[in-house]
*Asks:* 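One structure follows; several queries about it will come next.
Hydrogens, waters and symmetry mates are skipped; everything else that's a heavy atom, side chains included, is used. Note that this is a predicted model, so its numbers are computed, not measured.
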Amino acid sequence: MTDTTEKHEDWSRPPATEVGVIGWLRKNLFSSWFNSILSLIAIYLIITTIPGIIEWALINSVWGDKSPEVCREAKGACWAFIYEKHRFILFGVYPYEEHWRPLVAMIIFLTLIFGSCIKPLWKLGWWLAALWAGGLVMVGILMWGGIFGLEYVNQSQWGGLPLTLFLATFGTVFAFPLGIFLALGRRSRMPAIRSLSVAYIELIRGVPLISILFMASVMFPLFLPAGVSIDKLLRAQVGIILFGAAYGAEIIRAGLQAIPRGQYEAADAMGLSYWQSMRKIILPQALRITIPPMVNGFIGGFKDTSLVVIIGLFDLLMTSRVAFQDINWRPFYVEGYLFCAAIYFCFCFFMSRYSQWLEKDLAKDQNH
Amino acid sequence: MTIDTGESEALQPAKAVFYNDPKVRAVFWQIVAVVGVIAMFWFLIHNTITNLDRQNIASGFSFMDLEAGFAIGEGMVTYTPANTYWRAILVGLLNTIKVAVIGIVFATIIGSVVGVMRLSPNWLVARLATVYIESLRNVPLLLQLFFWYALIVGILPRAKEAYGPFLGVYLSNRGFNIPLPDTWGYMGLLAGFLIALVAVMWLRRRNKKIHDETGEIKNTLGPGMLIFAVVMMVGWLAGGAPTTLDSPEFKGFSFTGGGEVTSEFLALWLGLTLYTAAFIAEIVRSGIEAVSKGQWEAARSLGLKRGQILRFIVLPQALRVIIPPTTSQYLNLTKNSSLAVAIGYPDIVGVTNTTINQSGQAIEGIAIIMAVYLTLSLSISLFMNWYNTKLALVER
């Protein structure tokens with residue numbers, strides 16, 4: 001009996017070349033001669049580069065509190081540079097003893113952003129908006145200070161990651177409502193309103209952000225009446241908002257167009273006014289489907305805030321660059337850029353994965 | 001057909017007050033909007049004129065005829081500091097167009113390859129493509145430009161000790177120096193190439209027509225290569241069979257002769273190309289995925305190989321999905337080329353920025369930048385729309 005079962009198992013089992021590691025390799029790497037060549041090239045590339053990178057970044061690198069001289073002698077990466085300068089890269093020239101304030105501000109930002117990503121919390125609706133408003137006010141109080149016994153810190157001393165988050169978040173928060181009005185304007189039946197919206201959107205989308213920032217930094221002071229001056233950071237922030245609004249408007253317009261005509265007609269038939277039908281019927285549906293592309297827009301805006309370097313603001317990229325302008329740490333620019341890139345990457349990668357997940361999740365809701 | 005007017009009049013609602021009439025309201029709000037915008041512009045322009053008067057800055061473009069007085073690192077037309085601002089702006093504009101066109105070509109090639117790689121059945125290749133896309137897409141372009149520029153300047157040797165891997169080619173931290181043809185005799189070779197190109201394209205069309213009509217497959221590759229070889233040879237001989245090249249040579253402090261690709265251009269081109277390619281790769285991937293699975297299966301059951309399926313069945317259908325978002329990536333690349341100013345490549349923004357700093361004519365300068373980009377954006381949109389309609393017509 002046992003003999004036959006064993007035999008049976010033997011011939012019913014697939015050949016060893018089809019399963020297990022060998023089977024996987026055959027199926028995924030060497031399924032045809034062309035694939036085999038590609039795999040060999042890829043393997044060659046990996047074994048020529050990866051060990052070198054590991055050696056540089058991990059084995060020969062210098063960690064912790066070491067002097068630049070130690071780094072210069074070592075053959076690997078100088079992470080001691082990051083150790084020495086991380087406070088400066090993250091917070092810029094904000095007074096050293098007060099660094100806890102931008103840190104708490106950053107935590108508030110992150111809580112708000114991550115919290116808004118949790119779908120059940122969307123049910124809070126206006127409460128969520130109120131939380132945002134409260135959070136942003138708290139961020140303002142923490143950063144500026146001047147009340148509650150906090151020392152006043154001028155915004156010219158802000159810098160690093162909080163500034164980047166500040167520009168990106170405020171840029172989105174204010175560009176969003178502006179974008180809604182522009183999108184509605186572009187779909188309006190009134191020709192004058194429509195042309196004004198189209199002109200604004202296309203004009204802004206046709207030029208690079210850098211020209212808007214130049215405008216904010218060089219041209220804007222000329223626009224103001226004599227004696228009035230607005231801070232450079234605020235001017236850049238306004239530029240980013242006006243720029244983001246045009247792109248946001250196009251995303252929202254796509255959402256508005258995706259709502260079936262029947263919804264508009266049903267709202268009209270109910271006797272709702274234009275604003276009532278938009279507020280209660282159309283926008284809640286349209287905004288829901290525009291959330292994933294909006295998150296992508298936020299990622300773009302987050303990366304684009306790095307352009308303020310060109311008009312001389314101390315955002316994360318600028319502080320990273322200034323950190324290795326220090327004569328002792330000059331040669332370690334690669335480490336500086338990698339650190340900065342890693343921070344940007346963490347944010348953008350998380351957000352893009354979230355938007356992909358959300359898109360699938362919302363599509364699932366629609367099918368019910 | 002008599003209508004009982006009395007009854008229908010009774011059913012009509014009471015005439016609305018004029019300010020509740022939607023038409024009247026629409027006109028009213030439009031007037032408000034237009035007047036509001038005009039008032040805002042009037043306020044801004046009024047302030048600007050007063051401010052300019054106070055600072056004694058003359059407005060207008062007359063300053064553009066003055067001598068520019070600053071040097072520009074590279075350009076496709078001759079330029080000296082004694083030339084006018086107009087000439088300087090022209091140099092910048094051509095530099096922008098140069099980097100945008102070369103960037104678009106390479107970003108399209110790399111993006112398509114990586115996009116196809118990402119869908120490859122080869123696990124390793126697909127993973128590598130994913131790593132490429134995710135790491136480049138999620139880091140700001142400006143950071144990447146700084147990084148490439150710092151790397152080129154930091155790793156390559158100084159011009160004096162330039163690294164020369166091939167005869168006449170030198171790599172240094174100032175850029176690449178390459179040999180160039182030195183006589184007009186080479187034009188014969190170029191003419192031969194162009195004639196051969198036209199001839200081969202004609203041949204290909206003819207073979208395709210034969211294939212469509214009779215089903216007979218005629219080889220284009222062999223005869224095509226023969227045409228290229230023969231015609232280019234004839235062109236070269238007609239040009240006097242030139243053999244010498246103008247090679248760069250290091251003299252004193254810099255290279256003379258040959259062609260130069262500056263490190264600023266290299267860094268900008270590399271950054272723009274790799275960054276945009278990551279986005280194009282994602283567009284290509286989603287375009288290919290948008291083609292229904294049945295198309296793949298039908299093609300496979302006809303006995304086509306994967307490469308053939310992609311080339312003849314899937315890509316032509318995917319292109320319709322791919323082109324509109326790719327157009328906006330081309331526009332992005334062109335607009336992003338303005339980041340050149342951060343690494344010192346003299347594009348239109350860089351040159352205009354210097355002009356603004358020297359002349360103080362901020363408004364005119366920014367107006368020039370905006371006009372240039374609007375024109376470029378519009379041209380690319382028009383061209384891609386034309387290509388899109390042409391493709392759609394061929395399809396159906």
*Asks:* Counting only non-hydrogen atoms closer than 4.5 Å, does Asn336(B) touch chain A with its backbone (N, CA, C, O), its side chain (CB onward), both, or neither?
*Replies:* neither
*Asks:* Would you mind checking which part of Ile366(B) comes under 4.5 Å of any heavy atom in chain A, side chain (CB onward), backbone (N, CA, C, O), both or neither?
*Replies:* side chain
*Asks:* Can you tell which of Leu151(B), Ile369(B), Val34(B) has the highest number of heavy-atom pairs within less than 4.5 Å of chain A?
*Replies:* Leu151(B)
*Asks:* Determine the option with the most heavy-atom pairs under 4.5 angstrom with chain B, choosing from Ser188(A), Pro191(A), Ala342(A), Ser36(A).
*Replies:* Pro191(A)
*Asks:* Please step through side chain to side chain contact (heavy atoms under 4.5 Å, CB included) for the pair Thr352(B) and Phe214(A), ending with a clear verdict.
*Replies:* CA-CA 11 Å; Thr352(B) 314; Phe214(A) 269 147; over 6 Å; no
*Asks:* Compare all side-chain heavy atoms of Arg194(A) with those of Gln30(B) and state whether any distance is below 4.5 angstrom.
*Replies:* no
*Asks:* Counting heavy-atom pairs closer than 4.5 Å to chain B, which one of Pro208(A), Cys348(A), Ser195(A) comes out on top?
*Replies:* Pro208(A)
*Asks:* Would you say the side chain of Asn138(B) lies within less than 4.5 Å of the side chain of Ser352(A), judging by non-hydrogen atoms?
*Replies:* yes
*Asks:* Heavy atoms only: give me the nearest Leu374(B)-Gly206(A) pair and the separation to one decimal.
*Replies:* CD2-CA, 3.7 Å
*Asks:* Check whether more than 12 heavy atoms from other residues, nucleotides or ligands sit under 6.0 Å from atom CH2 of Trp357(A), and answer yes or no.
*Replies:* yes
*Asks:* Could you look at Thr48(B) and say if it's the side chain, the backbone, both or neither that has a heavy atom under 4.5 Å from chain A?
*Replies:* both
*Asks:* Using heavy-atom distances under 4.5 Å, tell me whether Leu45(A) contacts chain B through its side chain, its backbone, both, or neither.
*Replies:* neither
*Asks:* Kindly indicate whether the side chain of Leu339(B), heavy atoms from C-beta on, has any atom under 4.5 Å from the side chain of Ile310(A).
*Replies:* yes
*Asks:* Which pair of non-hydrogen atoms, one from Leu124(B) and one from Ser39(A), has the smallest distance, and what is that distance?
*Replies:* CD2-O, 4.1 Å
*Asks:* What's the spacing between Ser338(B) OG and Leu307(A) CG if we round to 0.5 Å?
*Replies:* 7.0 Å
*Asks:* How long is the span from the CE atom in Met190(A) to the CD1 atom in Ile31(B), to the nearest 0.5 Å?
*Replies:* 11.5 Å
*Asks:* If we define contacts as heavy-atom pairs under 4.5 Å, which of Leu378(B), Leu331(B), Asn353(B) has the most with chain A?
*Replies:* Asn353(B)
*Asks:* Does the pair Met370(B) and Ile212(A) meet the rule for a side chain to side chain contact (heavy atoms under 4.5 Å, CB included), with working shown?
*Replies:* CA-CA 9 Å; Met370(B) 290 193 160; Ile212(A) 307 272; 4.3 Å; yes
*Asks:* For the backbone of Ala150(B) and the side chain of Tyr333(A), can you confirm whether one donor and one acceptor N or O come within less than 3.5 Å of each other?
*Replies:* yes
*Asks:* Is Phe41(B) in contact with chain A via its backbone, its side chain, both, or neither, using a 4.5 Å heavy-atom distance?
*Replies:* neither
*Asks:* Quick one: does Lys335(B)'s side chain have a donor or acceptor within less than 3.5 Å of a partner on Arg205(A)'s backbone?
*Replies:* yes
*Asks:* Return the minimal non-hydrogen interatomic distance between Glu134(B) and Phe345(A), and the atom names on each side.
*Replies:* O-CE1, 3.2 Å
*Asks:* Against chain B, label Arg189(A) side chain, backbone, both or neither, depending on which of its atoms sit under 4.5 Å from a heavy atom there.
*Replies:* neither
*Asks:* Only distances under 3.5 Å count here; give the side-chain donor-acceptor pairs of residues 139-146 of chain B to other protein atoms, sequence neighbours excluded, each with its distance to 0.1 Å.
*Replies:*
unit_1: Gln144(B); atom_1: NE2; unit_2: Leu136(B); atom_2: O; d: 2.8
unit_1: Gln144(B); atom_1: NE2; unit_2: Val139(B); atom_2: O; d: 3.1

*Asks:* Where on Thr375(B) is there a heavy atom nearer than 4.5 Å to chain A: the side chain, the backbone, both, or neither?
*Replies:* neither
*Asks:* Let me confirm one number: the CG-OH distance from Leu203(A) to Tyr373(B), rounded to the nearest 0.5 Å.
*Replies:* 15.0 Å
*Asks:* Based on non-hydrogen pairs under 4.5 Å, which of Ile299(A), Ile41(A), Val334(A) is most in contact with chain B?
*Replies:* Val334(A)
